[in-house]
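What follows is one structure encoded as structure tokens, with my remarks underneath.
Keep in mind that the numbers below use all heavy atoms, side chains included, and drop hydrogens, waters and symmetry copies. Convention: sequence-line order gives letters A, B, ...; per-chain numbering from 1.
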2 protein chains.
Amino acid sequence: MRYSYQYPHPAVTTDCVIFGFDGNRLNVLLIERGIEPYKGQWAFPGGFIRMDETADECARRELREEAGLDDAYMRQFYTFSAVDRDPRERVITIAYYALVQQRQVTGGDDAARAQWFALDQVPRLAFDHDVILRHAIDALRRQIHFEPIGFELLPQQFTMTQLQRLYEAVLAVKFDRRNFSNKMRHLGLLDELDEKSILPNKKEAFLYSFNRENYAEFKERGFRLEF
Amino acid sequence: MRYSYQYPHPAVTTDCVIFGFDGNRLNVLLIERGIEPYKGQWAFPGGFIRMDETADECARRELREEAGLDDAYMRQFYTFSAVDRDPRERVITIAYYALVQQRQVTGGDDAARAQWFALDQVPRLAFDHDVILRHAIDALRRQIHFEPIGFELLPQQFTMTQLQRLYEAVLAVKFDRRNFSNKMRHLGLLDELDEKSILPNKKEAFLYSFNRENYAEFKERGFRLEF
DNA sequence: TGTTAATTGCGTAAATTTTACGCAATTATT
DNA sequence: AATAATTGCGTAAAATTTACGCAATTAACA
């Protein structure tokens with residue numbers, strides 16, 4: 001008991017919902033807790049903020065320490081402050097979601113066990129992390145309308161079908177293959193590459209990459225897919 | 001110095017950007033600080049979170065205490081955590097914006113002085129509140145595409161022109177009067193009332209009100225105005 | 001009181017975008 | 001060799017967006 005204040009202070013943590021895309025479905029990376037409370041249950045990587053780091057830095061550090069992930073796309077989406085969301089003490093958590101290429105991480109490292117779960121197979125989570133997950137999905141869906149966020153989930157080069165599967169997975173809808181392709185190509189967000197893909201069990205297809213020059217403008221002006 | 005912890009805890013506050021609409025422009029309500037730091041400078045109403053209240057409750061309490069506002073529409077939009085954003089100690093603030101009918105509040109009450117400022121006439125603000133304001137405007141613009149948020153800023157009954165002015169003020173664009181009206185009426189979001197308005201210096205016009213039944217669906221599915 | 005300007009209601013034609021498909025060519029599977 | 005899946009390239013119809021016209025009413029002002 002070494003740090004004292006005139007008024008009570010809550011503890012502050014960051015938690016990070018990590019979304020990955022396996023080419024077909026959207027998944028989340030969970031960590032099995034090694035300590036109480038909720039020992040043995042699944043939770044998002046996260047931890048207490050240090051006095052010399054911002055929330056962004058904290059979230060990024062936890063991501064590295066607990067999930068072995070560097071350079072992930074991250075976004076703060078909500079701060080959860082229910083009074084009794086942590087049994088130990090008053091803890092307010094600043095929640096982020098991250099988008100990563102799923103193959104980057106397979107197992108976690110260190111002591112903790114990390115595992116990918118499909119969105120409809122997520123077990124009961126520690127703390128109020130169920131609530132946090134629901135909010136994260138909502139935030140991601142909202143964001144995907146305004147920003148070409150999905151590109152963070154795909155490899156540098158991808159086929160149109162891969163891109164479509166991603167959008168379908170995030171928004172939980174189905175698009176017409178030809179219309180999706182037409183719309184995407186006319187948006188100017190993609191560069192059509194000369195190469196073609198060689199994917200297992202697939203016919204070869206054109207490869208695309210993300211056009212960084214137009215990225216900023218689409219972030220500003222927003223863009224929307226039919227649905 | 002009466003509250004001690006094993007690890008250092010940051011202080012946590014909420015701050016609230018209050019948007020009002022005067023029929024023509026979007027304004028923010030600022031409070032002149034009566035105490036150090038930044039005494040005499042303008043800032044958003046806000047204050048330290050209590051251990052028995054959520055951030056939502058805290059923001060609502062501060063709104064009532066400092067701006068005399070009850071029942072405002074409020075929304076958390078970002079948490080600011082720069083290490084030295086407060087000269088006193090490490091303070092993390094959970095930021096909200098509120099939408100109110102501007103006539104509800106004129107002057108603040110209590111000791112503090114409250115005043116409406118047009119967005120382009122906001123003075124230098126205390127702390128990092130300039131940054132917070134910028135983020136709040138961005139968040140509001142983003143939100144207005146998905147949710148019929150603007151209705152919180154208008155009286156129960158309003159004319160189509162009033163609604164258009166509101167959207168124009170928030171998005172900083174101009175719409176064609178006839179197209180705006182057509183689109184809005186076809187959206188099904190409005191109830192056309194039998195009454196007509198009697199506004200000063202205006203020709204009488206039909207009054208509309210917000211159709212609460214369709215509100216939820218539009219929150220879900222989103223809707224977008226041309227621009 | 002007469003004239004001008006602003007405001008409102010009600011259109012409509014053209015341009016653009018969305019939507020719903022067809023069809024042939026290539027590749028994997030059996 | 002036959003069948004199914006995948007991809008590329010269209011196109012016509014439907015729906016929406018965009019850019020205006022025009023008359024009627026009210027306010028403002030000479």
Side-chain angles (χ1 to χ4, degrees), chain A residues 22-24 144-146 148 154-155 157-169 171 173-209 214 217-218 221-227, chain B residues 22-24 144-146 148 154-155 157-169 171 173-209 214 217-218 221-227:
Chain A
D22 62 10
N24 219 23
I144 207 174
H145 287 293
F146 279 96
L154 292 172
Q157 304 184 352
F158 48 87
T159 67
M160 191 59 80
T161 302
Q162 286 178 297
L163 183 61
Q164 182 178 344
R165 293 281 172 275
L166 170 59
Y167 272 86
E168 290 176 339
L171 294 173
V173 293
K174 288 287 180 190
F175 297 119
D176 178 90
R177 175 178 62 88
R178 292 148 293 189
N179 292 340
F180 182 89
S181 175
N182 283 335
K183 180 148 189 173
M184 271 297 172
R185 281 189 286 108
H186 289 317
L187 276 175
L189 203 58
L190 302 178
D191 288 333
E192 183 165 329
L193 306 179
D194 296 328
E195 309 148 72
K196 286 200 151 201
S197 72
I198 305 173
L199 288 172
N201 294 13
K202 303 275 178 180
K203 176 181 171 183
E204 66 175 14
F206 283 118
L207 283 171
Y208 296 86
S209 70
N214 293 349
E217 192 190 338
F218 279 98
R221 298 207 31 215
F223 82 122
R224 146 173 287 202
L225 289 174
E226 76 270 33
F227 64 81
Chain B
D22 62 9
N24 220 24
I144 207 174
H145 286 293
F146 278 96
L154 291 173
Q157 304 183 352
F158 48 87
T159 67
M160 191 59 80
T161 303
Q162 285 179 297
L163 183 60
Q164 183 179 344
R165 293 281 172 276
L166 170 59
Y167 272 86
E168 290 177 339
L171 295 173
V173 294
K174 288 287 180 190
F175 297 119
D176 178 89
R177 175 180 62 87
R178 293 148 294 190
N179 292 340
F180 182 90
S181 176
N182 284 335
K183 178 145 190 175
M184 271 295 171
R185 281 188 287 109
H186 290 316
L187 275 176
L189 204 57
L190 303 178
D191 287 332
E192 184 165 329
L193 307 178
D194 297 329
E195 307 148 72
K196 287 200 151 200
S197 72
I198 307 174
L199 289 171
N201 294 13
K202 302 275 179 178
K203 176 180 171 182
E204 68 174 14
F206 284 117
L207 283 171
Y208 296 86
S209 69
N214 292 349
E217 193 190 336
F218 278 99
R221 297 205 35 211
F223 81 123
R224 148 172 285 199
L225 290 174
E226 75 270 34
F227 64 82

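Atom CZ in Arg185(B) sits about 11 Å away from atom C1' in dG11(C), given to the nearest Å. Atom NE2 in His186(A) sits roughly 10 Å away from atom P in dT18(C) (whole-Å rounding). As a whole-Å value, the separation of Phe180(A) CZ from dT18(C) P is 13 Å. Across the protein-nucleic acid pair, Lys174(B) atom NZ and dA19(D) atom C1' stand 18 Å apart, rounded to whole Å.
Residues Leu189(B) and Asn214(B) approach most closely at CD1-O, 4.2 Å, considering heavy atoms. Considering all non-hydrogen atoms of both residues, Leu190(A) and Met160(A) come closest at CD1-CE, 3.7 Å. Smallest separation of non-hydrogen atoms from Phe206(A) and Leu193(A): CD2-O, 4.3 Å.
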**Request:** Start with the C-alpha gap between Lys202(A) and Thr159(A), add the side-chain angles, then the distance that decides, and say whether side chain to side chain contact (heavy atoms under 4.5 Å, CB included) holds.
**Result:** CA-CA 11 Å; Lys202(A) 303 275 178 180; Thr159(A) 67; over 6 Å; no
**Nucleic acid footprint by protein, nucleotides 1-9 of chain C - heavy-atom cut-off 4.0 Å, B for base, S for sugar-phosphate alone** = ------BBB
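Considering CD of Glu168(A) and CZ of Phe175(A), their distance stands at 6.5 Å, rounded to 0.5 Å. For the atom pair NZ (Lys203(B)) and OG1 (Thr161(B)), the distance works out to 10.5 Å, reported to the nearest 0.5 Å.
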Distances for protein N or O near nucleotides 11-15 of chain D N or O, under 3.5 Å:
none

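Checked against side-chain hydrogen bond (donor to acceptor under 3.5 Å, both in side chains), Ser181(A) has the following partners two or more places apart in sequence or in another chain: Arg185(A).
Within the 3.5 Å criterion, the main-chain N or O of Leu207(B) finds no donor-acceptor partner in the side chain of Ser197(B).
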